[in-house]
2 protein chains.
Amino acid sequence: MVVQIDAEPSQEEIDRIFQALADATRRDILVRVIEREQSVSALAGAYRMSLPAVQKHVAVLERAGLVGKTRHGREQRVHAEPERLARARGVLDAFEALWRHRIDSMDALLAEGPTKEPKE
Amino acid sequence: MVVQIDAEPSQEEIDRIFQALADATRRDILVRVIEREQSVSALAGAYRMSLPAVQKHVAVLERAGLVGKTRHGREQRVHAEPERLARARGVLDAFEALWRHRIDSMDALLAEGPTKEPKE
DNA sequence: GATTTGTACAACCATTTGGTTGCACGTTAG
DNA sequence: CTAACGTGCAACCAAATGGTTGTACAAATC
């Protein structure tokens, strides 16, 4: 088992996380495995697509680190790794912080009085 | 100007939002236009790719509703639409809520006493 | 041991993505 | 008016996505 050490999420890592979340089927799989750890074929039974298609979706979630697999006999149960979701939230939080900062700057400028617009 | 009415984000809408966020260039464009509204060619000057490539990235962000464009003379300035970021956050919050709910359920089960643990 | 079950993987296909170049058009500047 | 600038769009191309079917293999069951 590989322990996650990297504290700094690389851009490719964030790419993979958002990419994995950009599909309704994968988001649904994530919901199901958050609620209860379950096997790939159990997951596949819930959708109208073929089992290999579901396998691929799980693989995408796994490459993003959003889920992990644990072998139980011949089954391989998929479980959620919610720490990676926190990474995605961190990115969105950074955007929101930037936004608030811009609002504050605009407030400060307006408080000083509009002297001259930089106008590029 | 089209006022955003839809309170219920469709799956395709969420797809587009996360898809738009799944690229480092687009996240960087988003940062820049949050900090300051600016034209497409000004954005293009910041990257080593061609201007049409940047135009396409902006178009992806625009289809996701994360940015908007306002015409100022012959320039078309790109500005952020941070309300859509809140949509993405809402999805992540829902995942986290599910996760907390599962933790609570497990706590409740453990509080009752481990009657028959499924062996993990 | 033979059969079924859960999983993995390869090959294939259609569509989308992310990039390029080139052209057209409206707006501003000289 | 003419030239330059900012933008949009179409055509094209390589690579990735999202799906399929088929094959192979290990574990559980009979």
Side-chain angles (χ1 to χ4, degrees), chain A residues 10-30 32-33 36-79 117 119-120, chain B residues 10-30 32-33 36-79 118-120:
Chain A
S10 68
Q11 294 290 353
E12 291 95 14
E13 197 178 335
I14 303 176
D15 285 2
R16 281 194 292 268
I17 294 175
F18 281 116
Q19 182 69 40
L21 291 173
D23 183 284
T25 303
R26 287 194 291 265
R27 287 193 301 273
D28 195 71
I29 289 176
L30 196 48
R32 286 173 191 269
V33 300
R36 192 163 62 85
E37 186 184 61
Q38 56 197 293
S39 72
V40 180
S41 40
L43 282 171
Y47 307 101
R48 285 179 314 175
M49 66 189 75
S50 69
L51 189 137
V54 175
Q55 278 183 339
K56 283 195 186 182
H57 282 303
V58 171
V60 171
L61 288 166
E62 199 177 11
R63 275 196 316 140
L66 290 168
V67 304
K69 289 197 268 192
T70 332
R71 182 163 285 285
H72 279 253
R74 74 176 155 185
E75 311 194 308
Q76 197 135 15
R77 304 222 189 112
V78 184
H79 60 92
E117 166 126 358
K119 199 232 167 172
E120 187 79 9
Chain B
S10 68
Q11 294 291 355
E12 290 96 14
E13 197 178 337
I14 303 176
D15 285 2
R16 282 194 291 268
I17 294 175
F18 282 116
Q19 182 70 39
L21 291 173
D23 182 283
T25 303
R26 286 195 291 264
R27 287 193 300 273
D28 196 71
I29 289 177
L30 197 49
R32 286 173 190 270
V33 301
R36 192 164 62 85
E37 186 183 60
Q38 57 197 291
S39 72
V40 179
S41 39
L43 283 170
Y47 307 100
R48 284 180 314 175
M49 66 188 76
S50 68
L51 189 137
V54 176
Q55 277 182 341
K56 283 195 185 181
H57 282 303
V58 171
V60 171
L61 288 167
E62 199 177 11
R63 275 198 314 142
L66 290 169
V67 304
K69 288 196 267 191
T70 333
R71 185 164 282 285
H72 279 255
R74 72 177 156 183
E75 317 194 302
Q76 198 135 16
R77 303 221 189 113
V78 183
H79 61 91
K119 179 222 164 198
E120 167 114 2

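Remember, predicted model here, so these are calculated numbers, not experimental data. Atom set for the values below is all heavy atoms of this structure, side chains included, hydrogens, waters and symmetry mates excluded. Letters go in sequence order (proteins before strands), and every chain restarts at 1.
Using a 4.5 Å heavy-atom threshold, the side chains of A:H57 and A:L61 count as separate. Contact of the B:F18 side chain with the A:R27 side chain is registered, since non-hydrogen atoms from C-beta on lie closer than 4.5 Å. Side chains of A:R77 and A:Q38 form no contact here, defined as non-hydrogen atoms less than 4.5 Å apart. A 4.5 Å side-chain heavy-atom check between B:V78 and B:K69 finds at least one atom pair inside the cut-off.
Between B:V58 and the options B:L43, B:L66, B:L30, a side-chain contact (heavy atoms from CB on, under 4.5 Å) holds for only B:L43.
Atom CZ of residue A:R74 and atom OG of residue A:S39 lie 10.5 Å apart, to the nearest 0.5 angstrom. Atom CD of A:E62 and atom CD of A:Q55 lie 11.0 Å apart (nearest 0.5 Å).
Note that the two end axes of the helix from C:dG1-D:dC30 to C:dG30-D:dC1 enclose an angle of 20°, each drawn from 5 base pairs, rounded to 10 degrees.
Counting atom types as modelled, B:Q55 pairs a side-chain N or O with a base atom of D:dG8 as donor and acceptor under 3.5 Å.
In this structure, CZ of B:F18 is placed 17 Å from P of C:dT17, rounded to the nearest angstrom. The separation between B:L43 atom CG and D:dG6 atom C1' is 13 Å, rounded to whole Å. Rounding to whole angstrom units, CD of residue B:E75 and C1' of D:dA4 are separated by 14 Å. What separates OH of B:Y47 from P of C:dG18 is a distance of 14 Å, to the nearest Å.
Looking at A:R26, its side chain does come within 3.5 Å of a backbone N or O of A:A20 through a donor-acceptor pair.
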Any chance you could list the contact pattern along nucleotides 15-30 of chain D? Use B for base contacts, S for sugar-phosphate-only contacts and - for none, protein heavy atoms under 4.0 Å, 5' to 3'.
---SBBBB----BS--

